[in-house]
Peer 1: 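Can you keep this structure in mind? I'll have questions shortly.
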Number of protein chains: 2
Amino acid sequence: MTEETGGPELHPALAQRFSPVGFDPEAAVSPAQLDTLLEAARRAPSAGNSQPWRFVVGLRGDEVYSRIIPHLARSSSRWAVSASLLVVNLAQVHLEDMPGWEYSEFARYDLGQAVAHMTVQGLALGLDAHQFRAFDRDGLAAEFEVPAHWEVTSMTAFGVAAHAAGEVASAGTSRDRLSLDEVTWARA
Amino acid sequence: MTEETGGPELHPALAQRFSPVGFDPEAAVSPAQLDTLLEAARRAPSAGNSQPWRFVVGLRGDEVYSRIIPHLARSSSRWAVSASLLVVNLAQVHLEDMPGWEYSEFARYDLGQAVAHMTVQGLALGLDAHQFRAFDRDGLAAEFEVPAHWEVTSMTAFGVAAHAAGEVASAGTSRDRLSLDEVTWARA
């Protein structure tokens with residue numbers, strides 16, 4: 001840790017991460033690595049330990065992976081099919097008439113955390129990740145019989161990036177960030 | 001990385017993290033360390049790079065910290081006042097009649113990710129974290145003039161844990177987790 005101007009160094013994994021739009025189609029994620037990724041998500045904190053997350057996981061070439069692919073939007077199917085692993089991230093949702101269903105208002109917040117832990121673990125395993133929403137939510141829900149009190153919230157593609165950060169524009173989305181001052185609402 | 005049964009090792013930071021209910025009241029977070037924590041959050045991914053997060057940050061002893069304290073619930077004030085740093089996490093919210101306001105349905109999900117990145121960075125700096133909701137949301141919003149299109153979603157207390165994991169029951173909440181099978185909705 002260096003204490004010079006600018007603060008201690010950012011953790012290298014957090015500093016170097018980016019969302020690739022192309023993965024090495026030869027790279028594979030092993031079932032054991034997948035276990036570790038799920039383990040990272042499973043141990044994430046959640047409001048009242050509600051653990052409002054579930055995951056559909058497909059390793060390239062397996063049956064779940066091939067059932068996910070047809071539900072990708074055209075935009076994501078261009079690059080996501082080269083991922084070694086596709087994860088569909090589910091969050092609890094509120095249902096008015098479901099007494100006893102322990103919905104947490106932090107379901108999506110907590111899912112975001114669990115996915116973040118999974119991606120940090122991925123970086124420790126040499127895996128890059130790209131989260132996205134370009135898929136048929138209803139189609140995936142039907143495909144995997146996801147009941148109404150769960151939502152198909154997002155997907156994560158894991159693999160080995162086939163390009164450097166900034167080398168390929170990510171679907172026209174800027175990677176620019178607000179400044180530290182801009183994200184800081186109040187500070188003494 | 002070991003490839004024996006059970007998968008590669010979980011990243012030590014993720015494996016060892018827990019939410020302390022007591023912090024060393026002598027430990028301090030420096031402004032430079034705070035910069036690095038905010039930097040970790042700032043660089044987190046978000047839907048369409050929307051960055052739907054803002055942070056109110058108080059270092060123990062400073063003015064912002066002392067303005068946060070009165071809004072803690074009795075339950076959290078028992079332990080959170082020993083934290084070296086209190087962060088109030090704000091997420092964008094939807095407003096019907098605010099044309100041009102770029103609300104993302106992933107605001108809370110993305111805030112969860114940004115907070116997770118901040119806590120992972122904290123672990124790299126030797127700082128434990130406890131996220132909580134036991135505070136007066138409206139009171140904090142008024143105190144820091146948070147407008148209606150932002151929500152005071154959660155708080156994070158950072159510091160050096162004053163006890164080991166599992167040594168103190170966290171407000172009666174179990175730390176047990178669902179099994180890997182239970183969080184896996186579908187897998188080949």
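The figures here come from the full heavy-atom set of this structure, side chains too, leaving out hydrogens, waters and symmetry mates. Note that the structure is a prediction, hence the values are computed from the model and not measured. So that the names make sense, note that chain A is the first sequence line, chain B the second, and so on, each numbered from 1.
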Peer 1: Relative to chain A, which of Ala116(B), Ala41(B), Ala40(B) shows the most heavy atom pairs under 4.5 Å?
Peer 2: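 Looking at each option in turn, the highest pair count goes to Ala116(B).
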Peer 1: If we define contacts as heavy-atom pairs under 4.5 Å, which of Val57(A), Asp176(A), Val64(A) has the most with chain B?
Peer 2: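 Most pairs with chain B among the choices: Val57(A).
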Peer 1: Is chain B contacted by the side chain of Leu111(A), its backbone, both, or neither, given a heavy-atom distance below 4.5 Å?
Peer 2: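 The answer is both parts of Leu111(A).
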Peer 1: Please flag which part of Arg67(A) lies under 4.5 Å from any non-hydrogen atom of chain B: side chain, backbone, both or neither.
Peer 2: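 Interface part for Arg67(A): neither.
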Peer 1: Specify which of Val120(B), Leu10(B), Val88(B), Thr119(B) makes the most heavy-atom pairs with chain A at under 4.5 Å.
Peer 2: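 Answer, by heavy-atom pair count under 4.5 Å with chain A: Leu10(B).
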Peer 1: Hydrogens and angles aside, do Arg177(A) and Ser179(A) bring a side-chain donor and acceptor to less than 3.5 Å of each other?
Peer 2: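 No donor-acceptor contact under 3.5 Å links the two side chains.
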Peer 1: Would you compute the distance between atom CH2 of Trp53(B) and atom CG of Asp110(B) and round it to the nearest 0.5 angstrom?
Peer 2: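 Answer rounded to 0.5 Å: 5.5 Å.
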Peer 1: Quick one: is the NZ or CZ of Arg133(B) closer than 6.0 Å to the six-membered ring centre of Phe135(B), and within 45° of its axis?
Peer 2: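 Cation-pi check for Arg133(B) and Phe135(B): passes.
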Peer 1: Using the six-membered ring wherever Trp is involved, compare the ring planes of Phe23(A) and Trp79(A) and label them parallel, tilted or perpendicular (cut-offs 30° and 60°).
Peer 2: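 Geometry flag for Trp79(A) against Phe23(A): tilted rings.
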Peer 1: Using heavy-atom distances under 4.5 Å, tell me whether Thr153(A) contacts chain B through its side chain, its backbone, both, or neither.
Peer 2: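 For Thr153(A), heavy atoms of backbone and side chain both lie under 4.5 Å from chain B.
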Peer 1: Ring centres of His163(A) and Phe18(A) under 6.0 Å apart?
Peer 2: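 For His163(A) and Phe18(A), the ring centres are under 6.0 Å apart.
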Peer 1: Can Glu143(A) and His71(A) be counted as having a side-chain donor-acceptor contact under 3.5 angstrom?
Peer 2: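 Result is yes, a qualifying pair exists.
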Peer 1: Is there side-chain contact between Ser50(B) and Phe106(B), with at least one heavy-atom pair below 4.5 Å?
Peer 2: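 SC-SC contact between Ser50(B) and Phe106(B) ruled out.
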Peer 1: What option among Pro45(A), Ala15(A), Pro31(A), Ser154(A) has the most heavy-atom pairs under 4.5 Å with chain B?
Peer 2: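 Heavy-atom pairs under 4.5 Å are most numerous for Pro45(A).
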Peer 1: So which residue, Val87(B), Thr184(B), Leu178(B), Asp62(B), ends up with the most heavy-atom pairs under 4.5 Å with chain A?
Peer 2: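 Of Val87(B), Thr184(B), Leu178(B), Asp62(B), Leu178(B) has the most heavy-atom pairs under 4.5 Å with chain A.
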Peer 1: Which one of Tyr65(B), Trp185(B), Phe132(B) has the most heavy-atom pairs closer than 4.5 Å to chain A?
Peer 2: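 Looking at each of Tyr65(B), Trp185(B), Phe132(B) in turn, Trp185(B) comes out on top.
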Peer 1: Can you tell me which portion of Ala47(A) sits under 4.5 Å from chain B's heavy atoms? Options are side chain, backbone, both or neither.
Peer 2: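 For Ala47(A), neither part sits under 4.5 Å from chain B.
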Peer 1: Just so I understand: if I count every heavy-atom pair under 4.5 Å between each of His117(A), Gln51(A), Glu182(A) and chain B, which residue has the most?
Peer 2: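 It is Gln51(A).
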Peer 1: Would you mind checking which part of Ala44(A) comes under 4.5 Å of any heavy atom in chain B, side chain (CB onward), backbone (N, CA, C, O), both or neither?
Peer 2: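 The backbone, not the side chain.
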Peer 1: With a 4.5 angstrom heavy-atom cut-off, which part of Val146(B) approaches chain A: side chain, backbone, both or neither?
Peer 2: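 Backbone plus side chain of Val146(B), per the 4.5 Å heavy-atom cut-off to chain A.
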Peer 1: Consider only side-chain heavy atoms of I, L, V, M, F, W and Y, link residues closer than 4.5 Å, and tell whether Tyr109(A) and Phe55(B) are in one cluster.
Peer 2: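 Per the 4.5 Å side-chain linkage, Tyr109(A) and Phe55(B) are co-clustered.
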Peer 1: Does any backbone or side-chain atom of Gln131(B) lie under 4.5 Å from a heavy atom of chain A? Answer side chain, backbone, both or neither.
Peer 2: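 Contact with chain A involves the side chain of Gln131(B) alone.
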Peer 1: Could you tell me how the ring of His11(A) sits relative to the ring of His11(B): parallel (under 30°), tilted (30 to 60°) or perpendicular (over 60°)?
Peer 2: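 Rings of His11(A) and His11(B): tilted, as their planes differ by 30° to 60°.
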Peer 1: Highest number of heavy-atom pairs under 4.5 Å with chain A: which of Pro147(B), Ala129(B), Ala114(B), Ala13(B)?
Peer 2: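 So the answer, after comparing Pro147(B), Ala129(B), Ala114(B), Ala13(B), is Pro147(B).
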Peer 1: Would a 4.5 Å heavy-atom cut-off, applied to side chains only, mark Arg42(B) and Leu38(B) as touching?
Peer 2: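 They are not in side-chain contact.
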Peer 1: So which residue, Glu39(A), Glu63(A), Glu145(A), Arg187(A), ends up with the most heavy-atom pairs under 4.5 Å with chain B?
Peer 2: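 The option with the most such pairs is Arg187(A).
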